Asks: 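Before we start, here is the structure in question, set down as structure tokens.
One-based numbering, in listed order, for ligands and for the atoms of each. Quantities reported herein were computed from a predicted structural model and do not represent experimental measurements.
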Amino acid sequence: MKLPHVDYEAPKTVAEAVELLAEHEDEASVLAGGQSLIPLLALRLANPAVLIDINGVDELSGVSAADGWVAVGAMTREYIAEESGTVADAVPLLAAALPLIGHEAIRNRGTIGGSLAHADPAAELPAVARALDAEFVVRSPAGERVVPAAEWFEGFLTTSRRPDELLVEVRFPAAERGTGVSFQEVARRHGDFAIVGLAASLTLSGGAITDARLAFAGMSDVPVRAAAAEDLLVGESPSAGLFDEAARRATADTDPPPDLHGSAEYRKKVAAALVRRGLREAADNAGRRGD
Ligand SMILES: Cc1cc2nc3c(=O)[nH]c(=O)nc-3n(C[C@H](O)[C@H](O)[C@H](O)COP(=O)(O)OP(=O)(O)OC[C@H]3O[C@@H](n4cnc5c(N)ncnc54)[C@H](O)[C@@H]3O)c2cc1C
């Protein structure tokens with residue numbers, strides 16, 4: 001299907017992009033990698049009057065590390081982050097999730113900011129951002145605002161970004177020593193969106209779990225933390241029995257949406273299995289980052 005008629009702007013700087021967004025607000029859509037937006041336009045599920053194409057805004061791309069955080073520019077392509085040594089060393093959970101997004105051709109165009117602004121609850125990166133308490137930096141003519149991940153995802157494909165705000169950067173905390181991670185998912189075919197996904201991170205010190213983070217994709221209209229399971233894990237030593245109980249607690253109060261790919265009950269069973277697998281793998285590789 002052909003795209004609908006739409007005006008097109010191609011700013012070269014963040015300042016120009018922000019000015020255009022402030023001028024058009026709800027009438028405008030930001031065009032990043034286009035891997036979600038262009039299909040939405042073609043299917044007439046989005047109908048903006050203006051496209052603000054930020055592909056020429058070089059200052060929005062790049063990965064840098066400072067003060068215990070890794071900052072990823074919104075226009076950083078998914079494959080660039082996937083190949084980044086900084087991401088692999090400092091944000092191993094992000095590194096584990098990236099290769100699971102679609103296929104190479106998608107990751108070649110798709111961007112970190114695009115995925116997180118799109119906020120598909122079945123996508124990998126929202127679960128990673130929620131698990132790690134990432135920070136979202138948005139800019140408008142009024143200045144910059146930093147939004148914690150817990151306040152970013154508001155509903156299906158909906159974030160707390162205001163219409164005049166551009167997502168410029170996402171910051172992830174660097175993993176501590178002794179941290180092991182795992183991204184688990186079940187999808188119909190390799191490269192499909194997950195039916196259920198799980199971002200898992202465990203930090204171990206002296207054989208005990210000092211930090212536990214679990215966030216699901218595909219279990220609600222937003223990525224969700226499994227707080228009851230995290231609370232159970234902290235202070236304990238990894239064991240099969242502990243991980244079984246964590247899986248039970250992580251899924252006990254969930255009410256996942258049924259769809260063509262699976263009932264709510266099926267999703268809960270898959271989610272529990274992913275918690276057991278994810279925790280096992282995270283505990284196994286925690287040792288590699290030193291104890
Ligand atoms: C066949 C296929 C399979 C896929 N499989 C997966 C998968 O398994 N997992 C997965 O997570 N994703 C998958 N995707 C989606 C892919 O990851 C997209 O790249 C991503 O969701 C959107 O990123 P984008 O850069 O292409 O953004 P775009 O499509 O350009 O934009 C997406 C939305 O975000 C907004 N936006 C983008 N950047 C900004 C910004 N800086 N500030 C404010 N708003 C912004 C846009 O206005 C739009 O509403 C798939 C896509 C395709 C086509």
Asks: If the test is salt bridge (Lys or Arg N to Asp or Glu O under 4.0 Å), which one of Glu83, Glu124, Glu82 qualifies with Arg107?
Replies: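 With Arg107 as partner, Glu83, Glu124, Glu82 yield a single salt bridge (Lys or Arg N to Asp or Glu O under 4.0 Å), made by Glu82.
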Asks: According to a hydrophobic-cluster definition based on side-chain heavy atoms being under 4.5 Å apart (Ile, Leu, Val, Met, Phe, Trp, Tyr only), do Ile52 and Val137 belong together?
Replies: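 Yes, Ile52 and Val137 fall within the same hydrophobic cluster.
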Asks: Where does Val168 meet ligand 1, judged by heavy-atom distances below 4.0 Å: at the side chain, the backbone, both, or neither?
Replies: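 Neither; no heavy atom under 4.0 Å.
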Asks: Measuring only between side-chain heavy atoms, which start at C-beta, is Asp211 closer than 4.5 Å to Thr179?
Replies: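 When only atoms from C-beta onward are counted, Thr179 and Asp211 do not touch, as no gap falls below 4.5 Å.
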Asks: Taking only heavy atoms of Gly34 into account, list the atoms of ligand 1 that are under 4.0 Å away from them.
Replies: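 In order of numbering, the contacting atoms are 24 (P), 26 (O), 27 (O), 28 (P), 29 (O), 30 (O).
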Asks: Nearest 0.5 Å, please: how far is CG in Leu21 from CG in Leu166?
Replies: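 One finds 6.0 Å between CG of Leu166 and CG of Leu21.
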Asks: Check each heavy atom of Ala32 against ligand 1 and say whether those closer than 4.0 Å belong to the side chain, the backbone, both or neither.
Replies: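 It is both parts that get close, each with some atom under 4.0 Å.
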Asks: For the residue pair Trp152 and Phe136, does the interplanar ring angle fall in the parallel (under 30°), tilted (30 to 60°) or perpendicular (over 60°) class?
Replies: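 Answer is parallel, since the angle falls under 30°.
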Asks: Hey, is Arg107 touching ligand 1 through its side chain, its backbone, both or neither, going by heavy atoms under 4.0 Å?
Replies: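 For Arg107, no heavy atom sits under 4.0 Å from ligand 1.
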Asks: For atom 31 (O) of ligand 1, what's the nearest protein heavy atom and its distance?
Replies: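 For atom 31 (O) of ligand 1, the nearest protein heavy atom is Leu37 CB, 3.9 Å.
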Asks: Could you establish whether Asp192 and ligand 1 come within less than 4.0 Å of each other, counting only heavy atoms on the residue side?
Replies: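 The answer is yes: ligand 1 sits under 4.0 Å from a heavy atom of Asp192.
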Asks: Closest non-hydrogen protein atom to atom 39 (C) of ligand 1, residue and atom name please, with distance?
Replies: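 Here the closest protein heavy atom is Val30 CG1, 3.7 Å.
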Asks: Report yes if some heavy atom in the side chain of Leu157 is under 4.5 Å from a heavy atom in the side chain of Asp221; otherwise report no.
Replies: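 A side-chain contact is absent here, since even the closest heavy-atom pair is not under 4.5 Å.
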Asks: Do the non-hydrogen side-chain atoms of Met219 and Val196 ever get within less than 4.5 Å of each other?
Replies: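 Contact flag for Met219/Val196 side chains = yes.
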Asks: Provide, to 0.1 Å, the distance between atom 26 (O) of ligand 1 and the closest protein heavy atom, together with that atom's residue and name.
Replies: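 Looking only at protein heavy atoms, the one closest to atom 26 (O) of ligand 1 is Gln35 N, 2.8 Å.
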Asks: Which protein heavy atom lies closest to atom 25 (O) of ligand 1, and at what distance to 0.1 Å?
Replies: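 Protein heavy atom with the smallest distance to atom 25 (O) of ligand 1: Thr111 OG1, 2.6 Å.
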Asks: Among Ala117, Ala46, Ala28, which one has a heavy atom closest to atom 34 (O) of ligand 1?
Replies: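 Of the listed residues, Ala117 has the closest heavy atom.
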Asks: Numbering the atoms of ligand 1 from 1, which are under 4.0 Å from a heavy atom of Ile54?
Replies: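 Selected atoms, number and element: 41 (N).
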Asks: Where on Ile106 is there a heavy atom closer than 4.0 Å to ligand 1, on the side chain, on the backbone, on both, or on neither?
Replies: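 Looking at Ile106 and ligand 1, just side chain atoms fall under 4.0 Å.
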Asks: How long is the straight-line distance from OG1 of Thr111 back to CG of Leu60, given to the nearest 0.5 Å?
Replies: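 Leu60 atom CG to Thr111 atom OG1 measures 9.5 Å (nearest 0.5 Å).
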Asks: Any donor-acceptor pair under 3.5 Å linking the side chain of Asn47 with the backbone of Leu41?
Replies: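 No: the side chain of Asn47 does not pair with the backbone of Leu41.
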Asks: So, 4.0 Å and heavy atoms of Leu125: is ligand 1 close enough to count as a contact?
Replies: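 It does not, in that no heavy atom of Leu125 comes within the 4.0 Å cut-off of ligand 1.
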Asks: With heavy atoms only and a cut-off of under 4.0 Å, state how Glu78 meets ligand 1: side chain, backbone, both or neither.
Replies: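 For Glu78, the contact with ligand 1 is made by the side chain alone.
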Asks: Does Arg249 come within less than 4.0 Å of Asp231, counting only side-chain N to carboxylate O?
Replies: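 No salt bridge links Arg249 with Asp231.
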Asks: Go through the steps to decide whether Gln184 and Ser182 satisfy the test side chain to side chain donor-acceptor pair (under 3.5 Å), and finish with yes or no.
Replies: CA-CA 6 Å; Gln184 296 285 330; Ser182 175; 3.0 Å; yes
Asks: Give me the nearest non-hydrogen protein atom to atom 27 (O) of ligand 1 as residue plus atom name, then the distance to 0.1 Å.
Replies: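 Closest protein heavy atom to atom 27 (O) of ligand 1: Gly114 CA, 3.5 Å.
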Asks: Using a 4.0 Å cutoff against the non-hydrogen atoms of Arg161, which atoms of ligand 1 qualify?
Replies: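 Contacts of ligand 1 toward Arg161, numbered from 1: 43 (C), 44 (N).
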Asks: So do the side chains of Asn285 and Glu281 get within less than 4.5 Å of each other, counting heavy atoms only?
Replies: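 A side-chain contact exists here, since the closest heavy-atom pair is under 4.5 Å.
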Asks: Tell me which protein heavy atom sits closest to atom 9 (N) of ligand 1, plus the residue, atom name and distance to 0.1 Å.
Replies: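 The closest one turns out to be Glu124 OE1, 2.8 Å.
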Asks: Heavy atoms, side chains only, cut-off 4.5 Å: are Arg77 and Arg109 in contact?
Replies: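 When only atoms from C-beta onward are counted, Arg109 and Arg77 do touch, with a gap below 4.5 Å.
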Asks: Between Pro163, Ala74, Gly191, Ser36, which one has a non-hydrogen atom sitting closest to atom 22 (C) of ligand 1?
Replies: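 Residue with the shortest heavy-atom distance to the ligand atom: Ser36.
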Asks: Quick one: nearest non-hydrogen protein atom to atom 19 (O) of ligand 1, plus distance?
Replies: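 Atom 19 (O) of ligand 1 sits closest to the protein heavy atom Gly110 CA, 3.2 Å.
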Asks: Considering only protein heavy atoms, which is closest to atom 13 (C) of ligand 1, and at what distance to one decimal place?
Replies: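 Going atom by atom, the protein heavy atom closest to atom 13 (C) of ligand 1 ends up being Phe193 CZ, 3.2 Å.
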Asks: Report yes if some N/O of Gly33 lies less than 3.5 Å from some N/O of ligand 1; otherwise report no.
Replies: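 Yes, there is a polar N/O contact under 3.5 Å.
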